[in-house]
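Here the structure is laid out as structure tokens; the discussion comes afterwards.
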There are 2 protein chains.
Amino acid sequence: MYFIHMIPGIRMTAPSPLSALTTRTTRLFTHLLERDLKKSGLRIGQLPVLQALQDGKALNQKALADFADIEQPGMTTLLARMERDGLIQRKPDPTDRRSTQVTLTPDGQRKSWNIVPIMEHLTDAALKGFTPLERDILVTLLERINNSLKEQL
Amino acid sequence: MYFIHMIPGIRMTAPSPLSALTTRTTRLFTHLLERDLKKSGLRIGQLPVLQALQDGKALNQKALADFADIEQPGMTTLLARMERDGLIQRKPDPTDRRSTQVTLTPDGQRKSWNIVPIMEHLTDAALKGFTPLERDILVTLLERINNSLKEQL
DNA sequence: ATGAAATACATAACATGTTATGTATTCGGA
DNA sequence: TCCGAATACATAACATGTTATGTATTTCAT
């Protein structure tokens, strides 16, 4: 049986600038992730693309934008930089001349293997001292906020 | 007496890409906040500056950068845009010729009053259905993650 | 008192994202 | 079948942030 007051440090606070708190957390994650990815020559914006294409899949740019949850022009410029840096390849879709098939280069493939341990290490560091229950509570509460915010769209 | 299982929707999950969850939440906050601020002619990056100077205070750019938790060059360009848009004024510090005193213009002052209700409304929407206890738990857990991540810097 | 270090600001180059808009191709209904 | 709508991508302009670097001023230790 778990009691909420068993969560270390729990205290009753005044309303907090919640968006500022999530923003700071995200910027810390971003900063540390960029630092760790640097050794592999990767950038944080590239992660969703590398993840989506890791198993050799070919996707078009719209599908990648949807996967990464960014707009299409953002994906276009991201892929231009990744192509410039030799991480991906684009070739025309033979079945639809509007569309472009994107795949990882061998170098992109190789570098993508570094991502999982880096993410795991950082997540472990972030959740240091968390019980599995606390982690679940956090995820649940964040997802509830996410859903509430999506209703505002 | 509170039991953790009383938190609606609580369930035991596999480890989640926590940074992706906080990033999505932050981007939702940003998107909605930008939308609401647009009516007042404000942008999200301007909020810390308006907040720091709201009561007529004059701060130099370094102090504002520290307050906003961004680097100095980012604050320089932000203030250049805000000056261009008539929200702030810069004048040389008479006691230190390296330094610039930044103050809000009357227009900046006036617009800054719109911020608090907008933030409150969005926070209320985000925390819809949260008990005060749940809000406190979320803040506590996020602050613990923040502190753990800062140790990694 | 002076010279090295620290501080405040600016600028350049860049990554990452947005909205607005244009172009080419494909799809689907009259 | 053909024309208008939808789709895929590109480009421009911009906001927001970063690191690297330069310049001017101030501070501080010898």
Side-chain angles (χ1 to χ4, degrees), chain A residues 19-20 23-24 26-35 37-38 41-50 58-85 87-88 90-102 153, chain B residues 19-20 23-24 26-35 37-38 41-50 58-85 87-88 90-102 153:
Chain A
S19 63
T23 299
R24 264 204 308 283
T26 299
R27 294 214 3 239
L28 276 168
F29 265 124
T30 300
H31 183 87
L32 293 167
L33 205 43
E34 284 276 14
R35 190 191 64 185
L37 288 170
K38 204 166 200 171
L42 297 175
R43 305 291 308 250
I44 199 166
Q46 305 168 345
L47 296 192
V49 175
L50 295 166
L59 294 179
N60 68 23
Q61 305 193 177
K62 178 56 163 56
L64 287 170
D66 288 345
F67 182 82
D69 196 25
I70 63 174
E71 301 302 319
Q72 168 262 317
M75 182 54 71
T76 294
T77 58
L78 170 61
L79 291 173
R81 289 190 303 271
M82 292 180 75
E83 191 172 39
R84 177 200 65 191
D85 297 342
L87 295 171
I88 58 133
R90 291 162 166 180
K91 58 178 182 187
D93 182 338
T95 76
D96 185 340
R97 281 186 294 170
R98 295 169 302 178
S99 192
T100 306
Q101 298 283 336
V102 183
L153 283 178
Chain B
S19 64
T23 299
R24 264 203 309 282
T26 298
R27 294 217 357 242
L28 276 168
F29 265 124
T30 300
H31 184 87
L32 293 167
L33 205 44
E34 283 276 14
R35 188 190 65 184
L37 288 170
K38 204 167 199 169
L42 297 176
R43 305 291 307 250
I44 199 167
Q46 305 168 346
L47 296 193
V49 175
L50 295 167
L59 293 179
N60 68 23
Q61 304 191 180
K62 179 56 164 56
L64 286 170
D66 289 344
F67 182 82
D69 197 24
I70 65 174
E71 301 301 320
Q72 169 261 315
M75 182 53 71
T76 294
T77 58
L78 170 60
L79 290 174
R81 289 191 302 272
M82 292 180 75
E83 190 172 39
R84 176 200 67 192
D85 297 341
L87 295 171
I88 58 133
R90 289 154 146 171
K91 58 177 182 187
D93 181 337
T95 76
D96 185 340
R97 281 187 295 171
R98 294 169 304 179
S99 192
T100 305
Q101 298 284 337
V102 183
L153 282 178

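Values below: every heavy atom of this structure, side chains too, minus hydrogens, waters and symmetry copies. Convention: sequence-line order gives letters A, B, ...; per-chain numbering from 1.
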* Asked: Where along nucleotides 12-20 of chain C does protein come under 4.0 Å, by heavy atom, of base (B) or sugar-phosphate alone (S), with - for untouched nucleotides?
  -> ---SBSBBB
* Structure fact -> Readout for nucleotides 23-29 of chain C: B = base within 4.0 Å of protein heavy atom, S = sugar-phosphate only, - = neither; 5' to 3' it is -BBS---
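Scored by the side chain to side chain contact (heavy atoms under 4.5 Å, CB included) test, B:Thr23 finds A:Thr26, B:Arg27 as partners (sequence neighbours excluded). Under the rule for a side chain to side chain donor-acceptor pair (under 3.5 Å), the partners of B:Arg43 that lie at least two apart in sequence or sit in another chain are B:Glu34. Residues satisfying the salt bridge (charged side-chain N to carboxylate O under 4.0 Å, His left out) criterion with A:Arg35, sequence neighbours excluded, are absent altogether.
When the side-chain nitrogen and oxygen atoms of A:Ser99 are compared with OP1 and OP2 of D:dA8, none of them lie within a distance under 4.0 Å. For the pair B:Gln61 and C:dA10, the criterion of a side-chain N or O lying under 4.0 Å from OP1 or OP2 is met.
The separation between B:Asn60 atom CG and C:dT7 atom P is 13 Å, rounded to whole Å. The CD atom of B:Gln101 sits 12 Å away from the C1' atom of C:dA8 (whole-angstrom rounding). Taking atom CG of A:Asp66 as the reference point, atom C1' of D:dC9 lies 14 Å away to the nearest angstrom. When rounded to the nearest whole Å, the span between CZ of A:Arg90 and P of D:dA8 equals 15 Å.
For the pair B:Leu50/B:Met82, a side-chain contact is recorded, criterion being any heavy-atom separation below 4.5 Å from C-beta on.
A:Asp93 comes within 4.0 angstrom of nothing in the nucleic acid, heavy atoms only. The residue B:Arg35 sits apart from the nucleic acid: no heavy atom pair falls under 4.0 Å.
Considering all non-hydrogen atoms of both residues, A:Met75 and A:Leu64 come closest at CE-O, 3.3 Å.
B:Thr77 places a side-chain N or O within donor-acceptor distance of the main-chain N or O of B:Gly74, the cut-off being under 3.5 Å.
Pairs passing the salt bridge (charged side-chain N to carboxylate O under 4.0 Å, His left out) check and including a residue from residues 62-81 of chain B, sequence neighbours excluded, read B:Lys62-B:Asp66.
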